[in-house]
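Have a look at the structure below, then the notes.
To find a chain, count down the sequence lines: A is the first, B the second, and so on, and within it residues start at 1. Only this structure's heavy atoms are used, side chains among them; waters, hydrogens and symmetry mates stay out.
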Number of protein chains: 2
Amino acid sequence: MSHTPDPRFRIRLDYGDGVVLGPGKAELLERIAGTGSISAAGREMGMSYKRAWQLVEALNSMFRVPLVLSSRGGARGGGAALTEAGEQVLAAYRALENSAKEASSQPLATLRALRPEASARK
Amino acid sequence: MSHTPDPRFRIRLDYGDGVVLGPGKAELLERIAGTGSISAAGREMGMSYKRAWQLVEALNSMFRVPLVLSSRGGARGGGAALTEAGEQVLAAYRALENSAKEASSQPLATLRALRPEASARK
DNA sequence: CTGCGTTATGTCTGGTGGGAAATATCGCAT
DNA sequence: ATGCGATATTTCCCACCAGACATAACGCAG
């Protein structure tokens with residue numbers, strides 16, 4: 001029995017100035033696409049609406065075109081959806097994650113041989 | 001002239017419980033190997049000795065064997081050096097970075113076509 | 001046996017990031 | 001007209017973190 005189940009990969013693309021695309025924003029995009037709502041997506045991820053909205057704002061301002069379009073009012077109060085660019089960015093990020101993870105299996109095995117994670121009890 | 005010079009890759013290996021191996025700890029390991037001193041390495045990276053030491057402590061306790069050995073007193077006051085495991089972990093992380101970056105060039109090109117970074121002025 | 005530079009560790013404190021909550025606005029349904 | 005549910009935005013507040021600072025121990029050089 002190995003105690004080191006699987007180190008999770010976290011890849012962040014860092015353009016300067018705190019402009020970052022990482023797992024959090026990617027998942028948020030995904031859940032917005034799934035729920036059609038910023039607040040619902042945020043709730044699923046256990047974050048406040050404010051934070052979710054701030055992330056969306058960051059996402060929209062870090063590209064030349066917005067990734068999320070939102071609307072107020074209407075039958076169901078409003079909602080949000082990914083633009084085509086949003087879907088493309090999400091897909092590209094996922095593809096990036098996958099190929100990176102695949103390519104890293106060898107060095108990962110080396111690390112695993114070095115026995116990460118002993119106990120880390122506090 | 002493209003304004004998007006090069007999104008920097010940041011890869012973190014996340015074992016649960018806040019046990020994380022990322023670019024910061026890797027660079028610290030590298031500089032400890034180079035300087036033979038925790039405080040000197042920390043100074044080079046612009047961090048306090050306390051923080052550098054805390055990172056070393058985290059590194060040492062996240063594997064079964066310590067990655068950094070340190071000694072107090074002596075001619076030059078003391079010092080620190082990487083263990084063999086430390087050098088292996090550092091090498092494995094660097095290899096992982098390299099192969100991941102290489103494998104990601106294609107999705108990265110896709111993203112670049114979507115024109116990241118507009119202005120983001122605050 | 002004194003001095004020095006480093007490791008090792010604790011305490012205090014200021015800044016900041018994020019949540020909670022309050023408020024406004026929108027557009028359709030009824 | 002009125003209500004509803006979601007977006008949008010501000011203000012207040014507090015927990016947490018990181019740095020600054022203090023102190024101790026260490027071991028060799030001289």
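By the side-chain contact (heavy atoms from CB on, under 4.5 Å) test, B:D14 pairs with A:R8, A:R10, B:V20, sequence neighbours left out.
A donor-acceptor pair under 3.5 Å is formed between the side chain of A:T83 and the backbone N or O of A:P66.
Taking 4.5 Å as the limit, some side-chain heavy atom of A:P7 sits within range of a side-chain heavy atom of A:L108.
Looking at residues 35-49 of chain A, you'll see A:S37, A:I38, A:S39, A:Y49 sit with a heavy atom under 4.0 Å from some atom of DNA chain D.
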Which donor-acceptor pairs under 3.5 Å do side chains of residues 43-52 of chain B form with protein atoms, sequence neighbours excluded?
from: B:R43; atom 1: NH2; to: B:S39; atom 2: OG; distance (Å): 3.1
from: B:E44; atom 1: OE1; to: B:R31; atom 2: NH1; distance (Å): 2.7
from: B:S48; atom 1: OG; to: B:R51; atom 2: N; distance (Å): 3.3

Name every donor-acceptor pair, under 3.5 Å, that has one atom in a side chain of residues 86-93 of chain B and the other anywhere in the protein, sequence neighbours excluded.
from: B:Y93; atom 1: OH; to: B:I11; atom 2: O; distance (Å): 2.7

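Going from atom OG of A:S70 over to atom CD1 of A:I38 covers 5.0 Å, rounded to the nearest 0.5 Å.
Summarising the local packing, CD of A:Q54 is surrounded by more than 12 heavy atoms from other residues, nucleotides or ligands at distances under 6.0 Å. Summarising the local packing, CD of B:E102 is surrounded by 12 or fewer heavy atoms from other residues, nucleotides or ligands at distances under 6.0 Å.
Here chain A contacts DNA chain C (any atom closer than 4.0 Å to a heavy atom, that is under 4.0 Å), and the contacts span C:dG18 to C:dC28 from 5' to 3'. Taking 4.0 Å as the cutoff to heavy atoms of chain A, we find the contact window on DNA chain D bounded by D:dG5 to D:dT11.
Among residues at least two apart or in separate chains, salt bridge (Lys or Arg N to Asp or Glu O under 4.0 Å) pairs with a member in residues 91-100 of chain A are A:E30-A:R94, A:R94-A:E97.
Nucleotides of DNA chain C nearest to A:A75 and B:W53 differ in position, and the one nearer the 5' end is that of B:W53. Along DNA chain D, the nucleotide closest to A:K50 and the one closest to A:R72 are compared, and the more 5′ of them pairs with A:R72. Residues A:Q54 and A:G77 both approach DNA chain C. Their nearest nucleotides, taken by heavy-atom distance, put A:Q54 toward the 5′ side.
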Show your working on side-chain contact (heavy atoms from CB on, under 4.5 Å) between B:L29 and B:V56 and close with a plain yes or no. CA-CA 8 Å; B:L29 281 180; B:V56 168; over 6 Å; no
